[in-house]
Amino acid sequence: MTPLCRLDDIPDGSAVGALPDARGRDAVVLVRRGDRVFAWVNNCPHYDRAPLGWRKDAFLNGDGTRILCAAHGALFRIEDGICEIGPCLGQGLTPVSVIISEGTVCLAG
Amino acid sequence: MRIIGPDELVFGVDNILDCQAFLADYGLTENGPGCFEALDRTAIVLRDKDDPSLPPPLATATRLRETVWGVEDQATLDAIAADLSRDRDVVVEPTGRLRTVDDAGFRIAFQITRRVKLDLPPERINSPGAAPGRAANEIGADEDAAARPRTLSHIVYFVPDMDRMANFYIDRLGFVITDKFTNTGPFLRPQANDDHHVLFMIQTPDYMQGLEHLAFHMQGPTELMLAGSRMVKKGYESFWGPGRHKFGSNWFWYFNSPMGAHVEFDADMDKHDGDWTMREVPMSKEAAQLFLFENVAKWAPGGPPPGKG
Ligand code: FES
Ligand SMILES: [Fe+2]
């Protein structure tokens, strides 16, 4: 089980990036809702090389209700990753399975 | 028809503080609420998405609400108003600014340009066989250089019908095509600007219509690298670059932005006049750039392998 971060390191209602590659780009986006964490691959379905955020840990729209692609403004539902508006309309983010074990968010399996 | 280029891009956003911080770090200077200027006063304007002064949004994800074109003189404004009002509403504001819509449905405006004439040094380089660009003892690598965007260079739209869109800018506003990617779109320049392009478009389905990117010109490639490296160091997300395009020859470095559009630094774009013959090639990875690099962590050479000194 690969640990990603402590649940407490994600302020409730916000997002963080995890699992940085050699260049420092986070491979996974984690969004916290209370005791639940939704995890998505940090890549927009619109382009094969498009990270979602605009700055380290900056992945959500203004009111924190959607994941924003900072390339062309696509908005994704946090819970199921579906794009509601934008270039990848109807497509979805790729899910990452995570579990929370003793306060640590880990890759499942 | 003396149109110069984009003067202002107006965004309606739901995260204005993030956008303000981004544009300040990008190197623009806030002058008046939400107005972020380059050295020649071309600007990005930020408004809350519900601000009643904004034109209505497109039905797509784009947060761009208006593109304001700068023109040289009143005669150009008068000619635009006379022609466009034949088939669409043109509102003339008390300031003289015209507001209307293009054939793709983008909100556009025209004004006597807000640009001030710049008189600044170019990037100076030393090339063997040529006269030195810098005097003896004049240093090229200045870590503390300000690296401020000089002027708004170009915008790129996603459009549902590139031919209809291009023809509007060509037939009604006097733009000319400099080069073209077949099935993607043309590079356009207006009559009062010799830059390779101020407008490019990419053909897309209609639910994608919006702004692909905007770009400001930097002094030269060194300043572009410096500005881009500073963005990376501050944690901003590099999207594409640094590299050098083929069409236009400009150096580029694109970043994601909280405005939901790519924001590019560019430098050293080609200039053209009426003697130029348009080139056309299919869009491809090869055609999109001469070369492409990516920023990596800094490194320094040393002596022996670690632990053997
Ligand atoms: S890359 Fe995400 S919307 Fe285009
Ligand atoms: Fe560009």
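Every chain is numbered from 1, with letters handed out A, B, ... down the list of sequences.
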- Portion of B:Tyr236 that has a non-hydrogen atom of chain A nearer than 4.5 angstrom: both

- Item | Side chain / backbone / both / neither for B:Asp206 at chain A, heavy atoms under 4.5 Å | neither

- For the pair B:Val263 and A:Trp54, evaluate side-chain contact (heavy atoms from CB on, under 4.5 Å) and give the outcome as yes or no after the intermediate values. CA-CA 11 Å; B:Val263 175; A:Trp54 71 91; over 6 Å; no

- If you count the non-hydrogen atoms of other residues, nucleotides and ligands that lie under 6.0 Å from CZ in A:Arg36, is the total more than 12? no

- Message: Can you tell me which of A:Asp63, A:Leu75, A:Leu89 forms the most heavy-atom pairs within a distance under 4.5 Å of chain B?
- Response: A:Leu89

- Query: Which pair of non-hydrogen atoms, one from A:Arg49 and one from B:Phe239, has the smallest distance, and what is that distance?
  - Reply: NH2-O, 2.7 Å

- Query: How long is the gap from CG on A:Leu60 to CG on B:Asn15, to the nearest 0.5 Å?
  - Reply: 10.5 Å

- Could you look at A:Leu52 and say if it's the side chain, the backbone, both or neither that has a heavy atom under 4.5 Å from chain B? backbone

- From CZ (A:Phe59) to CG (B:Asn256), nearest 0.5 Å: 10.0 Å

- Most contact-rich option vs chain A, by heavy-atom pairs under 4.5 angstrom, among B:Pro258, B:Gly235, B:Ser257, B:Ala261, is B:Pro258

- Message: For the interface with chain B, which of A:Ala71, A:Gly73, A:Pro51, A:Cys88 has the highest count of heavy-atom pairs at distances below 4.5 Å?
- Response: A:Ala71

- Item | Which portion of A:Ala74 sits near chain B, non-hydrogen atoms under 4.5 angstrom | backbone

- Query: Between B:Leu211 and chain A, which part of the residue has a heavy atom less than 4.5 Å away: side chain, backbone, both or neither?
  - Reply: backbone

- Item | Atom group of B:Lys234 that falls short of 4.5 Å from chain A, counting heavy atoms | both

- Query: Is atom CD of A:Glu102 surrounded by more than 12 heavy atoms (other residues, nucleotides or ligands) closer than 6.0 Å?
  - Reply: no

- Would the number of heavy atoms belonging to other residues, nucleotides or ligands and lying under 6.0 Å from CZ of A:Arg33 be above 12? yes

- Task: Quick one: closest heavy-atom pair of B:Ala61 and A:Gly86, and the distance?
- Result: CB-CA, 3.7 Å

- Between A:His72 and B:His213, ring centroids under 6.0 Å: no

- Item | A:Ile85 side, atom CD1; B:Thr62 side, atom OG1 - distance, nearest 0.5 Å | 10.0 Å

- Kindly check if the number of other-residue, nucleotide or ligand heavy atoms within 6.0 Å of CG (A:Asp35) is above 12? no

- Query: Which atoms of B:Tyr254 come close to chain A, meaning under 4.5 Å heavy atom to heavy atom: side chain ones, backbone ones, both, or neither?
  - Reply: neither

- Less than 4.0 Å between a side-chain N and a carboxylate O, is that true for A:Arg25 and B:Glu237? yes

- Side-chain donor or acceptor of B:Asp14 paired with backbone N/O of A:Gly62 under 3.5 Å: yes

- Check each atom of B:Ala297 against the heavy atoms of chain A and say whether the ones under 4.5 Å are side chain, backbone, both or neither. neither

- Item | chain A interface, residue from B:Gln209, B:Lys49, B:Arg63, B:Glu212 that has the most non-hydrogen pairs under 4.5 Å | B:Glu212

